[in-house]
Protein chains: 6
Amino acid sequence: MSTREDGRADDELRPITITRNWLDHPAGSVLVEFGRTRVLCAASASEGVPRWRKGSGLGWVTAEYAMLPAATNTRSDRESVKGRIGGRTHEISRLIGRSLRAVIDNKVLGENTIQIDCDVLQADGGTRTAAITGAYVALADACAKLGVPGALTGSVAAVSVGIIDGVPRLDLPYVEDVRAETDMNVVMTGDGKFVEVQGTAEGAAFDRAELDALLALAEKGCADLTVLQRQALGS
Amino acid sequence: MSTREDGRADDELRPITITRNWLDHPAGSVLVEFGRTRVLCAASASEGVPRWRKGSGLGWVTAEYAMLPAATNTRSDRESVKGRIGGRTHEISRLIGRSLRAVIDNKVLGENTIQIDCDVLQADGGTRTAAITGAYVALADACAKLGVPGALTGSVAAVSVGIIDGVPRLDLPYVEDVRAETDMNVVMTGDGKFVEVQGTAEGAAFDRAELDALLALAEKGCADLTVLQRQALGS
Amino acid sequence: MSTREDGRADDELRPITITRNWLDHPAGSVLVEFGRTRVLCAASASEGVPRWRKGSGLGWVTAEYAMLPAATNTRSDRESVKGRIGGRTHEISRLIGRSLRAVIDNKVLGENTIQIDCDVLQADGGTRTAAITGAYVALADACAKLGVPGALTGSVAAVSVGIIDGVPRLDLPYVEDVRAETDMNVVMTGDGKFVEVQGTAEGAAFDRAELDALLALAEKGCADLTVLQRQALGS
Amino acid sequence: MSTREDGRADDELRPITITRNWLDHPAGSVLVEFGRTRVLCAASASEGVPRWRKGSGLGWVTAEYAMLPAATNTRSDRESVKGRIGGRTHEISRLIGRSLRAVIDNKVLGENTIQIDCDVLQADGGTRTAAITGAYVALADACAKLGVPGALTGSVAAVSVGIIDGVPRLDLPYVEDVRAETDMNVVMTGDGKFVEVQGTAEGAAFDRAELDALLALAEKGCADLTVLQRQALGS
Amino acid sequence: MSTREDGRADDELRPITITRNWLDHPAGSVLVEFGRTRVLCAASASEGVPRWRKGSGLGWVTAEYAMLPAATNTRSDRESVKGRIGGRTHEISRLIGRSLRAVIDNKVLGENTIQIDCDVLQADGGTRTAAITGAYVALADACAKLGVPGALTGSVAAVSVGIIDGVPRLDLPYVEDVRAETDMNVVMTGDGKFVEVQGTAEGAAFDRAELDALLALAEKGCADLTVLQRQALGS
Amino acid sequence: MSTREDGRADDELRPITITRNWLDHPAGSVLVEFGRTRVLCAASASEGVPRWRKGSGLGWVTAEYAMLPAATNTRSDRESVKGRIGGRTHEISRLIGRSLRAVIDNKVLGENTIQIDCDVLQADGGTRTAAITGAYVALADACAKLGVPGALTGSVAAVSVGIIDGVPRLDLPYVEDVRAETDMNVVMTGDGKFVEVQGTAEGAAFDRAELDALLALAEKGCADLTVLQRQALGS
């Protein structure tokens, strides 16, 4: 019997919505929602690669994550106005980029660049995992539009897990996230392998049994998300 | 007989949509659409005013405008990544702020700050005028939520007008905007007075007759927008 | 009967001085004075154009505006020290550039760049309009020195107008500018057409009659400035 | 039989050196060496805490990581000269800070701040794990000097592990790091609990068995480092 | 018999002009000319001192130096646009500040700040020495206006000297400066003592005899400038 | 009879240590110690020169100086975190670069760049003079490793001198530096010529006799350092 505020089971995802082609201009675009968390993911394709990669015959996928000022409970300052990008933003942008590159065959992509933009329109926990999950779908659309669907070697999805009051839970909204003793973000491929595991003891350090429980929960959540991604892509 | 690509009459607005409460957190929020142009306007209220205004008993309304990288035809670089805000962004932010302050009674607002954020999700011409038109509605909701509806002394709306192939036209989408010989943005109050008039000769300089024709067209457009704002606010 | 502090008629310019060749190095340079407002305008010519324009056969004119720290009543901080350019500076730089480009034939200019620098040595209202008026003369000298006088398709001048205590007035000094209910900057060509019209309601919104009165005043002022520019250029 | 270039067993640390009091000024300072990787860790104590924490009675520990330009194979540009801190630097600084805060009792520390600086003098893989391991010792010295040894609730150490040619290995030098298919940094307390687990698939995604093997290796490595930290502290 | 291009004797200053009260707003202002070098020096006084000096009863004098873009032979980029101040600008600003503080009695000044701005309108060598020489006069006027003439304990002037083709010369214009084997800037008090000596071997290193010759020349030049400063101040 | 806190004679250097090859990666590297002042000097060689020098056949030597945060008595903020380099850092970087270029024959160096990094690990006065003295040795090693020992036309060393309580003293540690009335840094070649002389009146201005005494002391100190550099280089 769940005691989660939103009535979910401990191993249950929030309602997930994946809306493709939300924008007219980029090659792929997705509005992804994990409950009240809402992230706009765009995949813009362009010919050519950064200078250090020219002539290699290889493509390049990179990502930028950002949050709109009014996305959070209390308005947060705009990083463009501050004139510098914060560590958290940097960290998540890098995580998204690595996660997507894990399922890209750069030879098949050829000397093209796909720039992923994940802009959080509303934040309610799990913005980075929603971003990765949605960005994969936008990336798939962009690869198709570029005529290189084979540049994708698999799919990738991500979910957050955490221990709240000693209980491992899947896909934490903000109210759970702030109370979590341990917080873990896990990125997995569609065939059940790990791309990124990032666990952090927020309160007390965690033992191996807790770590194992969180990993199992994340495997379940990523598998569920993979199904939803496939449905969204109609495949 | 119109020759506009989208079949509109020369003095006709694009389809306008004003969706209130698009976000959970800010006091007021609106997704405003002028055709394919889509701007998310948020009005975040907070107690207190900037230091230079403390103790005055007066409130403060300010605005920031920005464009998501994938909003445009070709992806544009993120200003937070560049580390500096461009002149165009500065200019429009200032315009929105001035426009909204024109209908605010800072005494009634009291020592509260309302921060307006206008983020362009998709750009197809007229982003600054859509931003002002939508931001007014978000501001009205924020004033109501703050319990100071009387802080608004009137309404404000904005529209672009321009001369294309010698013909004055209302509410230019991107394809018309780039071809305009003269381009003007006009901000007006709900009772038909001018708040801002910004006309620019893009090609040849314009004469007084052309200026008058554009002003008349803008008066018509702002009046139409005022009606739509009232409908959206249910008043 | 005038009630202006400096005894001028409402439609009268301040004493205007245009001193050419104030500097040794740039192709054209002018110290322009509108009363106590003093702006140093330099037009530096160089071969070649920015990368995005190479091979087009077209020239490029651009402008930067800045204010010395001690130019104002109270010293203002140096933007180079702050590490960022303010919105107002950006806005005026862009206005000056657009205004001058309105009278340039880029084909005749050929692949040359003219960089305009307008540095306010002393500010007493109307710095942007003085800058445009003086910069045109510096630009004319630079075109002549470059051997392409025909790159100029006309002349351009600018003036501020405003409504103070209900009365429209021309060429506002600082003491009038801060009291103006409405403030407008108008840029016009030598043959009486409009290049830029920027009107702002500082206090209450303004109606069409007031707008018309301000435009008429600006037309008069720009015509007077055009005469002074011609005298300065000895043409 | 090991095939590692430096002749180590797969579960063997590089020679570890922890030199305390390497600097005169900070409350604690350590030069830590993991093989050829050399990191200077300083713990500077000061009275008071950041503004947002004032009056809480709680202390604050934070960290900054940086790399000298000549620390790497090929000289890297100085971040102060570039005017911005890179994402990797941000990410590691935050990791070090979180790791150390996991063993701090902020009530016992009281309203004091300890600023940790980890500057990489020479880089040969594992700089972030060396930094955490050394910084803990500097932090212990700083707490002792501040008269609050009890502010430490335990010890913390970190090590990198990775899979090279299918074989899990401990404490990777640069030559192994660049060849690793999977790379994991693990931070653990002296009593064998996890503080941070950060695993990344560099080449192919990794399965649960590989993840388990890496975690086991990391537990062994952190336990060995804990012994060396105790020896260094003479406890 | 002189071989200087401008016909001066080797120990002769260029024509020096010191124009006081060139600006309306600052407490003191001087347009100083050393030949074609033209620097606008402003001394802005304000009540209070920087935070780190509050309550000390002591005043504060600081300086900023900058160069207008069109001041040089070839236009130089604006530091505000580049977003960072160059090393040369920093160096000269600090030199001017130190030089002026050498003749200030901060107790007599009391808790007031005098901000010196030296903006080079035209550069032809010796801009920093002209700046110091002119700034002293502006500072004297500012102290008088503040009612604390006694805050000045003496006067200060500066001159450049250099060795060209083996011959020591005073007050180098640009054409000599670029050819100088050794270049020295010397700041001296009105009673003939040294405040700053900054000598640099541009070509070959210099010996003690050359150094002595340059110092003698600088003593002569500073003495001449001191006379001119006194004349300008009418004392 | 000396009254210096550390028992040295007034014309005696602190214990000087020059440790070569302190780092593995750069072509030359030196840990130089002047008493408790400890500076890590690295000379990184790379093929090619900056763009403005390409095709000239000439090499390029440049330098960057920085201080670790915990190097000073009280921790100083990191310039990379502040996002801008301070004036002092700029000034010293430029001084080191000029000093080393004084003994480089750029033709012999050919189109190669040597980048000098001087990072102060611990500061106790004289960091810039220690940096120059150590950097020369690192530069010599780099030239040898590049196969162009003849690119060095001589050696260079630097020392600080100052007047404390009226007595000229050599090589000031921090406690003397803060008390010095006059402070001078002198850079000299191995054959006794001057490269840089930078004297500053910290308290009262100094007369010619004091200047001469300081120069004599500096000549003695630089000669002593030259001997130590030769010993370190085994030549």
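We name chains A, B, ... by the order of the sequence lines, and we start the count at 1 in each one. The basis for the numbers below is simple: all heavy atoms, side chains too, and nothing from hydrogens, waters or symmetry mates.
In this structure, the portion of I85(F) lying under 4.5 Å from any heavy atom of chain E is its backbone and not its side chain. Using a 4.5 Å cut-off between heavy atoms, R98(E) contacts chain F through its side chain alone, with no backbone atom that close. Residue E219(E) touches chain F through its side chain alone, counting heavy-atom pairs closer than 4.5 Å. Both the backbone and the side chain of R208(F) come within contact range of chain E, each with at least one heavy atom under 4.5 Å from a heavy atom of that chain. Heavy-atom distances place no part of E202(F) under 4.5 Å from chain E, backbone and side chain included.
Interatomic distance, CG of L217(E) versus CG of L170(E), reported as 5.0 Å (0.5 Å rounding).
Contacts between residues 174-200 of chain E and chain F, defined by a heavy-atom separation under 4.5 Å, are made by T189(E), K193(E), F194(E), V195(E), E196(E), V197(E), Q198(E), G199(E), T200(E). Chain F is approached within less than 4.5 Å, heavy atom to heavy atom, by no residue from residues 67-79 of chain E. At a heavy-atom cut-off of under 4.5 Å, chain F is reached by no residue from residues 220-231 of chain E.
A side-chain N or O of Y65(F) and one of T127(F) form a donor-acceptor pair less than 3.5 Å apart.
Nearest heavy atom pair, residue A43(F) against residue A138(F), reads CB-O, 3.6 Å. Taking every heavy atom of both residues into account, T62(F) and Q115(F) meet most closely at CG2-OE1, 3.3 Å. Taking both residues in full, the closest heavy atoms of I116(F) and C118(F) are given as CG2-SG, 3.8 Å, listed atom of the first, atom of the second, then distance. When all heavy atoms of A130(E) and T37(E) are compared, the closest pair comes out as CB-CG2, 4.1 Å. The two atoms that bring I132(E) and A157(E) nearest to each other are CG2-C, 4.4 Å, heavy atoms only. Scanning both residues, T113(E) and V49(E), for their nearest heavy atoms gives OG1-CA, 3.3 Å.
The candidate with the highest count of non-hydrogen atom pairs below 4.5 Å against chain F, out of S99(E), A204(E), A205(E), A201(E), is A205(E).
Residues D105(F) and L109(F) fail the side-chain proximity criterion, which asks for heavy atoms closer than 4.5 Å.
Panel note: side chain D207(E), backbone A209(E); a donor-acceptor pair is recorded below 3.5 Å. In this structure, R101(E) contributes its side chain and V61(E) its backbone to a donor-acceptor pair below 3.5 Å. Judged purely by atom type and a 3.5 angstrom limit, R169(E) has no side-chain atom pairing as donor or acceptor with the backbone of V161(E). In this structure a side-chain-to-backbone donor-acceptor pair under 3.5 Å is present from S160(F) to L172(F). Side chain of R53(E) to main chain of G59(E): a donor-acceptor pair is present (N/O by atom type, distance under 3.5 Å, no hydrogens or angles).
Under the salt bridge (Lys or Arg N to Asp or Glu O under 4.0 Å) criterion, E91(F) pairs with R94(E), not counting sequence neighbours.
The number of heavy-atom neighbours closer than 6.0 Å to NZ of K107(E), taken from other residues, nucleotides and ligands shown, is 12 or below.
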